[in-house]
Amino acid sequence: MPSDIAESGNNSAARGSSAGLPSVSIVIPAFNEESVIRQCLIAAVYQSVPADEIIVVDNRSTDSTCAIVEQMQLEYPESPIRLLHQNEEQGLIPTRNFGLNHASGDVLGRIDADSVLEPDWVEHVQQAFRDQQVSAATGPVVYYDMPMRRFGLKADDKMRQLMLRLAKHQYHFLFGSNMALRRSAWLEIRAETCRDEKDEMHEDIDLSLHLADHELKVQYVPAMVSGMSARRLEDSPRDYRYYVSRFERTYKAHNVKNLALKAPMVVFFSVYFPAKVLRAVHTASVNQMTRRGALKP
């Protein structure tokens, strides 16, 4: 283990033990995320219990992502926003790994650049990891750029709990936009996680399966809520099908043959077209209201 990572881990352990709760790092991989990174960071900053550090890991962005993060550091000097650069490889997995390896918390939160955490997210993460048997945790998401957001949150929660029952609690999958790992669990599995150079798999499902291989407990926490964009619905049907089929390719790579685990694929395929229409109608309505507001004297 690199000495700087070991030292940061020791520092975080001291912070966590002194407070009686685990310290929490939030890791955000980012590539050309200028349209969403500011709102992501604002939500991460305004928490009922502050995170010990908020790490944005830039991966060769060519837009103003880094400039926005640096501006946020100036605007919120009291907040522990860090900007790291992962320039060796292009891709989510090496960028995610770089961030997790350099985080100092007892618990390593991992969200996407378009995630918008609920204000009590860190608080619920800390409570979940008070149980020393919990090695990882995940929760539901609310799609903030879709209509009927609270209904969507309830539906997402029900679907994830159904998946847990269908898998007979053998597998419990993390969700990349809303998950946290105990640092010790990450250190145990990080050398085994798939690099996925061809970019064919779901990296969060891969993490989950490696945790299962080590019999490390993943806890589902309904109160651990993150908002995320439904921008995936803007993909063409062909691209969306490829995204959904990542489930099957990830299972195949791990020789997982439980037919019940195909349920998410069925759900994602079935909601694509109706959800795409809903999003288009919602976006048009929001744009119309914005135009009307701009025309008012």
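All residue numbers refer to positions in the sequence shown, counting from 1.
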Beyond-backbone contact of [X] with [Y], side-chain heavy atoms, under 4.5 angstrom:
X: Val49; Y: Val24; value: no
X: Met72; Y: Val56; value: no
X: His85; Y: Asp58; value: yes
X: Met228; Y: Ile111; value: no
X: Leu21; Y: Arg130; value: yes
X: Arg110; Y: Pro29; value: yes
X: Arg190; Y: Asn97; value: no
X: Cys66; Y: Leu83; value: yes

I would like to know whether Phe98 and Val27 meet side-chain contact (heavy atoms from CB on, under 4.5 Å); could you show each step before the answer? CA-CA 10 Å; Phe98 188 90; Val27 175; over 6 Å; no
List, by chain and number, the other hydrophobic cluster members for Leu153, where Ile, Leu, Val, Met, Phe, Trp and Tyr join if side-chain heavy atoms come within less than 4.5 Å, directly or indirectly. Val142, Val225
Co-members of Val277 in a cluster of I, L, V, M, F, W and Y side chains, linked at under 4.5 Å: Val281
Please tell me whether [X] and [Y] are part of a single hydrophobic cluster in this structure, the criterion being side-chain heavy atoms less than 4.5 Å apart.
X: Met179; Y: Val57; result: yes
X: Val244; Y: Val256; result: yes
X: Phe31; Y: Ile37; result: no
X: Val122; Y: Ile42; result: yes
X: Phe175; Y: Phe247; result: yes

What heavy-atom pair brings [X] and [Y] nearest, and what distance separates the two atoms?
X: Ala128; Y: Val221; answer: CB-CG2, 3.8 Å
X: Ser229; Y: Asp114; answer: CB-OD2, 3.4 Å
X: Ala113; Y: Ile28; answer: CA-CG2, 3.7 Å
X: Met146; Y: Ala230; answer: CG-CB, 3.6 Å
X: Ala185; Y: Leu211; answer: CB-CD2, 4.2 Å
X: Asn178; Y: Thr138; answer: O-OG1, 2.8 Å

Check step by step if side chain to side chain donor-acceptor pair (under 3.5 Å) holds for Ser245 and Arg249. CA-CA 7 Å; Ser245 63; Arg249 290 191 293 275; 2.8 Å; yes
side-chain contact (heavy atoms from CB on, under 4.5 Å) partners for [X], two or more places apart:
X: Ser236; value: Arg238, Asp239
X: Cys194; value: Met201, Asp206, His210, His254
X: Pro119; value: none
X: Glu34; value: Asp63, Ser64, Thr65, Ile68

Would Val218 and Phe173 count as a side-chain contact (heavy atoms from CB on, under 4.5 Å) here? Give the steps. CA-CA 8 Å; Val218 177; Phe173 295 146; over 6 Å; no
Please determine if Arg241 and Asp235 form a salt bridge, counting it only when a charged side-chain N lies under 4.0 Å from a carboxylate O. no
Is Glu33 salt-bridged to Arg231, going by a charged N under 4.0 Å from an acidic O? yes
Under a 3.5 Å distance rule, please check whether [X] uses its side chain to pair with a backbone N or O of [Y] as donor and acceptor.
X: Ser25; Y: Leu108; result: no
X: Gln39; Y: Ser115; result: no
X: Asp204; Y: Gly176; result: yes
X: Thr283; Y: Ala280; result: no

Considering the options Asp156, Asp112, Asp157, Val116, which one meets the side chain to side chain contact (heavy atoms under 4.5 Å, CB included) requirement together with Val141? Asp156
Between Tyr240 and Phe268, what is the ring plane arrangement, given parallel below 30°, perpendicular above 60°, and tilted in between? perpendicular
Step by step, work out the side-chain contact (heavy atoms from CB on, under 4.5 Å) result for Leu233 and Leu278. CA-CA 10 Å; Leu233 293 172; Leu278 278 176; over 6 Å; no
Step through the shown structure and confirm whether more than 12 heavy atoms of other residues, nucleotides or ligands are within 6.0 Å of CZ on Phe151. no
Please check if the number of heavy atoms outside Tyr46 that lie under 6.0 Å from its OH is greater than 12. no
Using the salt bridge (Lys or Arg N to Asp or Glu O under 4.0 Å) rule, collect all pairs that involve [range], keeping only residues at least two apart or in two chains.
range: residues 89-105; answer: Glu89-Arg195, Arg96-Glu203
range: residues 76-85; answer: Glu53-Arg82
range: residues 265-288; answer: Asp145-Arg279, Glu234-Arg279

Who pairs with Thr95 by side chain to side chain donor-acceptor pair (under 3.5 Å), at least two apart in sequence or on another chain? Asn59, Gln86
Side chain to side chain donor-acceptor pair (under 3.5 Å) involving Glu200 - partner list, sequence neighbours excluded: none
Of all pairs that satisfy ring pair (Phe, Tyr, Trp, His ring centres under 6.0 Å), the ones with a partner from residues 112-149, not counting sequence neighbours: none
